[in-house]
S.K.: 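Next up is a structure, given as structure tokens.
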Amino acid sequence: MGQGDDKDRVVINVGGIRHQTYRSTLRTIPGTRLAWLAEPDAHSHFDYDAQVDEFFFDRHPGVFAHILNYYRTGKLHCPADVCGPLYEEELAFWGIDETDVEPCCWMTYRQHREAEEALDSFGGGPAETGNDDTDADGLGEPGDGDDELEMTRRLALGDSPDARTGGLWHRWQRRVWALFEDPYSSKYARWVAFASLFFILVSITTFCLETHEAFNPIINRTELNPVDNSTIFSQETETVVYLTYIEGVCVVWFTFEFLIRVMFCPDKLKFVRNTLNIIDFVAILPFYLEVGLSGLSSKAAKDVLGFLRVVRFVRILRIFKLTRHFVGLRVLGHTLRASTNEFLLLIIFLALGVLIFATMIYYAERIGAKPNDPRASEHTSFKNIPIGFWWAVVTMTTLGYGDMYPQTWSGMLVGALCALAGVLTIAMPVPVIVNNFGMYYSLAMAKQKLPKKKNKHIPRAPQLGSPNYCKSGLNSPHHSTKSDMCPLAPPEEINRAGSLILRGM
Amino acid sequence: MLSSVCVSTFKGRKGGNKSSSKACSSADMTCPSDSEKIVINCGGIRHETYRSTLKTLPGTRLSWLTEPDAFSNFDYDPKSDEFFFDRHPNTFAFILNYYRTGKLHCPNDVCGPLFEEELAFWGIDETDVEACCWMNYRQHRDAEEALDSFETPEPDPPEDDPALTGGADGDLKRLCLQEDGRKPSWWSVWQPYIWNLFEDPYSSKYARYVAFGSLLFILISISTFCLETHEAFNTIYNKTENVTVGNVTREEVVFEVVTDSWLTYVEGMCVIWFTIEVFTRVIFCPDKAEFFKSSLNIIDFVAILPFYLEVALSGLSSKAAKDVLGFLRVVRFVRILRIFKLTRHFVGLRVLGHTLRASTNEFLLLIIFLALGVLIFATMIYYAERIGADPADPTASAHTAFKNIPIGFWWAVVTMTTLGYGDMYPETWSGMLVGALCALAGVLTIAMPVPVIVNNFGMYYSLAMAKQKLPKKKNKHIPRAPQPGSPNYCKPDALAMATASPHRLMGNVLGGMVVSSSMAGDCPLAQEEIIEINRADSKQNGDAANAALANEDCPTIDQVLGPDDRSPATGGLGTATGRERYPHDRACFLLSTGEFRATDSNVRKATGYEKSRSLNNISGMTGAPLRLTPITPINNTPYEPYETPGPLRRCRSPIPSIL
């Protein structure tokens with residue numbers, strides 16, 4: 001009996017600390033590395049020390065306690081003193097699915113990865129991919145897959161005869177693309193970026209000034225009415241000419257930039273799909289249309305021109321070109337996209353409040369109405385509920401323009417309630433969005449500030465007889481299903497290969 | 001990706017693995033795979049790993065453990081077959097994990113500087129920390145560096161423990177003073193005293209009075225400045241003036257505003273005090289150039305200037321003087337700058353200043369966000385309000401306050417900051433919609449970058465408070481000097497021997513064995529620490545330069561070793577210690593160069609270490625003569641690396657001079 005008891009217990013030495021458990025405990029989660037320990041032939045597969053009767057694993061000892069606890073209690077918690085990615089790696093090693101993490105630990109466990117994933121998934125823009133390339137070796141985890149791709153790409157370039165024949169194009173394509181895309185790639189790229197920035201600012205300034213009356217003199221026009229030969233006087237505003245010239249110069253630069261980017265971009269499809277590039281294109285279109293149509297003098301052309309003058313406002317979209325130059329703006333964009341849910345929540349909260357308080361103020365203000373007023377709204381500015389919406393928004397956001405305000409006691413009470421409710425309504429979802437922003441921003445900053453690592457530390461190749469040998473590799477006589485069961489091997493293998501290639505380069 | 005460590009490629013190695021594990025299970029201690037395992041007892045907790053794991057990072061302390069002669073260099077206990085290190089056990093798990101997985105994560109339950117020290121001890125480059133932990137790890141250091149870089153140099157140095165920062169310097173100074181006797185009596189005695197009186201309110205009781213006086217005068221002067229503009233203190237006089245136009249002389253009535261004279265007197269008093277203060281400070285400041293570089297001192301000067309100019313010019317009655325006076329009256333506003341003098345008295349204000357300077361990026365971000373929003377919403381409101389325009393109106397803006405986009409900027413700012421003055425507001429339906437959106441966007445726009453700035457402020461503030469509130473340590477805890485047999489007494493110092501050798505050389509020639517052995521040899525940690533520091537410095541150099549330097553430096557080490565090689569043999573006294581250690585030096589050195597050549601991925605690591613060693617070397621060579629005279633004090637207060645890391649970091653520059 002005693003002997004059987006002994007057999008049932010297993011000692012696992014992880015990184016020097018001995019953990020003891022029952023074999024039956026290990027069997028609770030089949031298909032994991034520890035479950036294989038409970039099998040009879042485990043001694044030959046793992047690093048087993050017969051003298052002290054223990055298995056040795058060269059892993060983090062503290063984290064293992066939590067993993068073993070999962071076998072015991074069936075609940076996977078995360079240690080508070082290690083960061084998510086480390087725990088993730090340990091989980092992967094022991095073959096435990098990370099989705100088993102309990103909800104209480106899930107948020108902290110995923111925090112970093114989520115921020116990273118969000119940043120990565122939004123980083124579809126060419127500027128982002130440029131960043132990713134530079135970050136890839138610095139950041140490790142998400143980059144490794146890319147590394148491999150990058151490797152094959154580079155290898156392909158090096159190997160293919162293409163590289164020689166199309167060498168000039170390739171070399172220039174890459175350089176020109178970097179020139180216009182990545183301001184940090186070279187000195188000239190920085191100048192190009194500055195020029196671009198300058199033209200954006202000039203064009204936006206022109207756009208705003210155009211609407212000022214000082215630049216829009218009123219011109220009296222006389223036209224001959226073809227019906228009865230009488231003259232019609234009409235007044236028209238016309239923008240002063242030199243503003244148009246300035247705008248023209250800017251548009252020429254933007255066109256030049258856009259065309260070069262189109263020509264030299266490595267992936268046309270991706271380029272076209274990018275919103276920023278669409279904006280680029282849309283923002284320069286109206287000018288050319290206007291110029292083209294102004295030559296014609298037909299009535300139809302005039303109508304189109306009038307429409308185009310309104311459409312001019314798309315030029316303001318150029319301001320989004322600035323996102324290419326400022327990290328913070330990109331982070332803002334990511335935050336907004338990642339926080340769509342919270343944003344919607346905010347709007348729903350606000351809409352709810354607006355509806356309720358607009359109704360309340362409408363009725364509250366009618367309480368003090370004069371009896372001889374049929375509409376009961378002579379004395380107040382809250383003529384109807386829809387106009388009350390505006391007041392409610394202005395009050396809830398604590399704007400308080402003062403164009404409408406309650407004038408009866410009951411109305412004031414509602415107003416006070418509305419302001420209070422507004423503060424709370426806005427205050428509740430905003431921190432969530434702000435947190436998202438903070439997370440992305442700090443990650444972006446960390447990526448920017450983290451010194452570049454020249455050579456990555458590559459852990460030693462697993463030795464023969466080391467426990468890191470995954471079972472699937474050596475158990476052909478064993479259960480044939482096992483090879484499928486080793487969840488870790490294939491991706492790692494790829495990884496390894498990738499990093500080896502990387503080293504070779 | 002998943003773990004890159006538990007790599008398992010291994011279809012081809014089945015047989016080999018099986019056999020080896022079999023062997024392992026059957027054989028004893030002598031089994032090769034068993035000797036592969038290594039036990040490291042770190043602060044009482046036994047960590048076990050494979051030798052091959054430790055070899056993944058050559059040039060670090062742990063990788064030296066795998067060398068054949070490690071048993072003699074480290075604290076090896078043959079009975080339990082383990083190496084003992086007297087270090088923090090829990091952080092060591094993370095360090096060891098770096099060897100296993102290749103990813104350096106930081107423990108969340110220890111603070112950055114502690115981990116930094118551990119990293120330095122184990123010889124791991126801190127830039128290997130993963131991105132997810134980097135901000136956490138650097139937080140304190142970043143705050144400290146920011147505070148340090150902004151700190152005006154006056155207040156800090158006196159606070160530092162002189163014995164620590166510049167042990168040798170302090171001693172030298174003291175020695176000098178004693179030697180020189182009474183000569184620099186009055187000036188050198190009173191200069192620091194008076195300087196402290198005006199500079200550091202906590203230095204003495206009188207200094208506190210001076211600070212209070214200064215504060216009082218600042219407040220009075222600011223109140224006067226504000227009251228002056230009130231009409232109650234500005235009486236209007238009718239003045240008649242004779243104006244000659246051509247031949248005709250006319251009398252013209254000119255209204256002149258004259259400030260009450262007693263306000264001017266009050267202002268005069270304040271200015272006199274400020275003048276005295278500035279002059280005293282100028283006279284008694286220890287470093288004039290530094291003094292004039294400080295913006296606070298420039299403000300001091302600029303703020304008292306207008307008063308004197310005004311007084312001087314009011315005596316003159318020429319037309320030109322009058323014009324200048326009129327100009328000066330406008331320039332008076334510089335007096336408001338005096339409010340910045342308050343930063344001398346309130347830590348919070350200084351922290352605010354630091355925060356603003358350190359958060360320039362975030363501040364810019366806030367402005368850019370706001371500018372973006374303002375531009376977009378001003379455009380939107382302009383077009384939205386024109387939708388309901390009267391067709392007869394050519395400018396289409398008679399009915400609305402939004403006449404053009406630039407004026408819309410103001411509205412957008414007022415709305416986005418939720419100010420809502422009410423001087424302009426949308427009046428059409430579409431405009432109201434835009435207005436609501438604008439207010440919402442404004443709340444978010446402002447709310448997003450602000451917490452970043454606020455965080456910075458909180459961090460700096462808590463650090464500043466910590467510095468202020470932290471009780472002065474009377475006697476610092478000094479960890480025992482490492483014993484020869486202790487684990488701390490380890491390879492790096494043996495390696496640093498190469499650097500120490502010039503000292504030993506000098507010692508042999510000039511001083512004697514005592515100096516050489518105790519100084520150069522026995523304080524390995526200091527060496528290690530210095531290596532670390534040098535490495536940190538060298539990191540700032542370009543990589544190309546780095547590589548070049550490394551290449552250049554290798555021969556210098558050789559050269560240094562060369563003469564050292566011979567000298568102990570010839571020098572009679574030094575032979576005992578010199579000989580004993582020499583083989584180790586040599587082994588280490590050779591080994592590291594071997595690694596240096598071995599694999600190209602290791603090149604940088606190796607070169608980094610090589611380089612720092614050689615830097616150390618150089619500094620050692622230059623520092624060697626300095627050491628010869630004040631030997632004993634140095635031996636008594638050696639460079640103990642284990643006192644707080646803070647001062648050590650700060651005293652980067654003194655260290656070479658100590659050396």
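Chain letters run A, B, ... following the sequence lines, proteins first and then strands; every chain starts at 1. For clarity, every value in this text was computed on a predicted model and none was experimentally measured.
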S.K.: Under a 4.5 Å heavy-atom cut-off, does chain B meet the side chain of A:Leu317, its backbone, both or neither?
M.R.: neither
S.K.: Quick one: what part of A:Val82 sits under 4.5 Å from any heavy atom of chain B, side chain, backbone, both or neither?
M.R.: both
S.K.: So what's closer than 4.5 Å to chain B heavy atoms on A:Leu329: side chain, backbone, both or neither?
M.R.: both
S.K.: Tell me, out of B:Cys133, B:Gly442, B:Pro449, B:Pro426, who's got the most heavy-atom pairs with chain A below 4.5 Å.
M.R.: B:Pro426
S.K.: With only heavy atoms counted, which part of A:Asp403 is less than 4.5 Å from chain B, the side chain, the backbone, both or neither?
M.R.: both
S.K.: Let's test your reading of the structure: which of B:Ile376, B:Leu364, B:Asn97 forms the most heavy-atom pairs below 4.5 Å with chain A?
M.R.: B:Asn97
S.K.: Donor-acceptor pair, distance only, cut-off 3.5 Å: does the side chain of B:Arg100 make one with the backbone of A:Arg59?
M.R.: yes
S.K.: At a 4.5 Å cut-off on heavy atoms, which part of A:Leu86 comes close to chain B: side chain, backbone, both, or neither?
M.R.: both
S.K.: Using non-hydrogen atoms only, which part of A:Pro79 is less than 4.5 Å away from chain B: side chain, backbone, both, or neither?
M.R.: neither
S.K.: Ignoring hydrogens and angles, tell me if any N or O in the side chain of A:Asp81 forms a donor-acceptor pair with the backbone of B:Asn108 under 3.5 Å.
M.R.: no
S.K.: At a 4.5 Å cut-off on heavy atoms, which part of B:Thr379 comes close to chain A: side chain, backbone, both, or neither?
M.R.: side chain
S.K.: Tell me, for A:Phe389 versus chain B, whether the close heavy atoms (under 4.5 Å) come from the side chain, the backbone, both or neither.
M.R.: neither
S.K.: With chain A, which of B:Val443, B:Ile368, B:Leu419 has the greatest number of heavy-atom pairs at distances under 4.5 Å?
M.R.: B:Ile368
S.K.: With a 4.5 angstrom heavy-atom cut-off, which part of B:Val452 approaches chain A: side chain, backbone, both or neither?
M.R.: side chain
S.K.: Let me know if B:Leu444 has heavy atoms under 4.5 Å from chain A in its side chain, its backbone, both or neither.
M.R.: side chain
